[in-house]
Trainee: 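Quick one: the structure is below, questions incoming.
In what follows, every chain begins at residue 1, and chains take the letters A, B, ... in the order their sequences are listed. Side chains included, hydrogens not; waters and symmetry mates left out as well; all remaining heavy atoms used. Note that the coordinates shown come from a computational prediction; the quantities given were computed from them, not determined experimentally.
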There are 2 protein chains.
Amino acid sequence: MKTTRELNKLLKKRGIDKDRQKELKQERRTLKNRGYAANCRVKRETEEKTLEKRNDKMRYEMEIKMSEIEEAKKETEQMKRRYCNLNSEIEQLKKEHELYLMKVEEDNATRGQERGLKALLANRTEIKWEKVKEEPVSPISLKTYSI
Amino acid sequence: MKTTRELNKLLKKRGIDKDRQKELKQERRTLKNRGYAANCRVKRETEEKTLEKRNDKMRYEMEIKMSEIEEAKKETEQMKRRYCNLNSEIEQLKKEHELYLMKVEEDNATRGQERGLKALLANRTEIKWEKVKEEPVSPISLKTYSI
DNA sequence: ATGATTAGTCAGCAG
DNA sequence: CTGCTGACTAATCAT
């Protein structure tokens, strides 16, 4: 009996200790869980904010890209205008050259008469020009042969 | 005594009813809260997904913008090349015109001699050309006056 | 009172 | 076991 009672006592004590240990253990676990939960929420919020920031950044870069496109297109338009102007200029030059050619042609036609004269003189072998004297007022001698 | 007991009974019954009512009320509230919480979570997740989708969409559009910029720049480069080519052409035309002018000038210089001859003939008042006859082979008469 | 949100608790999974 | 996360509950805020 005595031993049994003492045994029971010991067992009871151990049980109590076990309960205490479990209780403490659980309490610690709970406490840690509290922290884990808080951490988890903080993490979630952080990620959300990160995502939003990334979004804003993208929107900002998007605007930059838009203006870049605008700029590039503007430059292209400018180049096109300059190209057209140059094209007009080239057309103008070609026309001028053409006109010049026609004018020269005309002159040549006019000069054709002179050339006729020259030819005439050249063919008239019976006519000869000769320098007779070196004097300031030199007489010109023409010898005429009848055909 | 009887009335008191019955009264107590009634009061007790009412108390129980009150507890029940409160209990039921709380239970309903709890149930509703459960739904609210679930709804809240769903809402949060939905927003997160929405944000992410928006992000992906932006990234996609960004790539499109990039290619647009690339295209615009390429077009500008092409225009620049064409512009340069046209510029070369115009330079070439100018040079050719210049060369042509020089050639014409040269011709004129050569022709200067003829012009000299013409002037000579023009100034020599003592020389006169006259058509003497209408016959096919007409003799040319030159009258010479000595100064 | 109703609905939303926050923080704490537990269950359950993953490493 | 430790740490994380989903779901439930109570407390609190806001309408």
Trainee: Could I get the full list of side-chain contact (heavy atoms from CB on, under 4.5 Å) partners for B/E77, not counting sequence neighbours?
Mentor: B/K80, B/R81

Trainee: In the hydrophobic clustering (ILVMFWY, side-chain contacts below 4.5 Å, transitive), which residues join B/M62, or is it alone?
Mentor: A/M62

Trainee: If you group Ile, Leu, Val, Met, Phe, Trp and Tyr whenever their side-chain heavy atoms sit less than 4.5 Å apart, what else falls in with B/L99?
Mentor: none

Trainee: Would you list the pairs meeting salt bridge (Lys or Arg N to Asp or Glu O under 4.0 Å) in which at least one residue belongs to residues 59-68 of chain A, sequence neighbours left out?
Mentor: A/K65-A/E68

Trainee: At a heavy-atom distance below 4.0 Å, which nucleotide of DNA chain D is the first touched by chain B, and which is the last?
Mentor: D/dA7 to D/dT12

Trainee: Distance-only check: which donor-acceptor pairs under 3.5 Å involve side-chain atoms of residues 27-45 of chain A, not counting sequence neighbours?
Mentor:
| unit_1 | atom_1 | unit_2 | atom_2 | d |
| --- | --- | --- | --- | --- |
| A/T30 | OG1 | A/Q26 | O | 2.9 |
| A/T30 | OG1 | A/Q26 | NE2 | 3.3 |

Trainee: Quick one: side-chain contact (heavy atoms from CB on, under 4.5 Å) partners of B/S88, sequence neighbours excluded?
Mentor: none

Trainee: Is there a side-chain contact between A/E89 and A/L86, using heavy atoms and a 4.5 Å cut-off?
Mentor: yes

Trainee: What string of B, S and - do you get for nucleotides 7-15 of chain C, 5' to 3', if B is base contact, S is sugar-phosphate-only contact and - is no contact with any protein heavy atom under 4.0 Å?
Mentor: BBBS-B---

Trainee: For A/R82, give me all partners under side chain to side chain donor-acceptor pair (under 3.5 Å), at least two apart in sequence or on another chain.
Mentor: B/Y83

Trainee: Pick the nucleotide of DNA chain C nearest each of B/R44 and B/K32; which residue has the one closer to the 5' end?
Mentor: B/K32

Trainee: Restricting to side-chain contact (heavy atoms from CB on, under 4.5 Å), what partner residues turn up for A/S67, sequence neighbours left out?
Mentor: none

Trainee: Please identify each residue that fulfils side-chain contact (heavy atoms from CB on, under 4.5 Å) with B/L93, with sequence neighbours left out.
Mentor: A/I90, A/K94, B/E96

Trainee: I need the residues from residues 49-56 of chain B with at least one non-hydrogen atom less than 4.0 Å from DNA chain C; give them sorted by number, or say none.
Mentor: none

Trainee: May I ask you to evaluate whether B/Y36 reaches the phosphate of C/dA4, defined as a side-chain N or O under 4.0 Å from OP1 or OP2?
Mentor: no

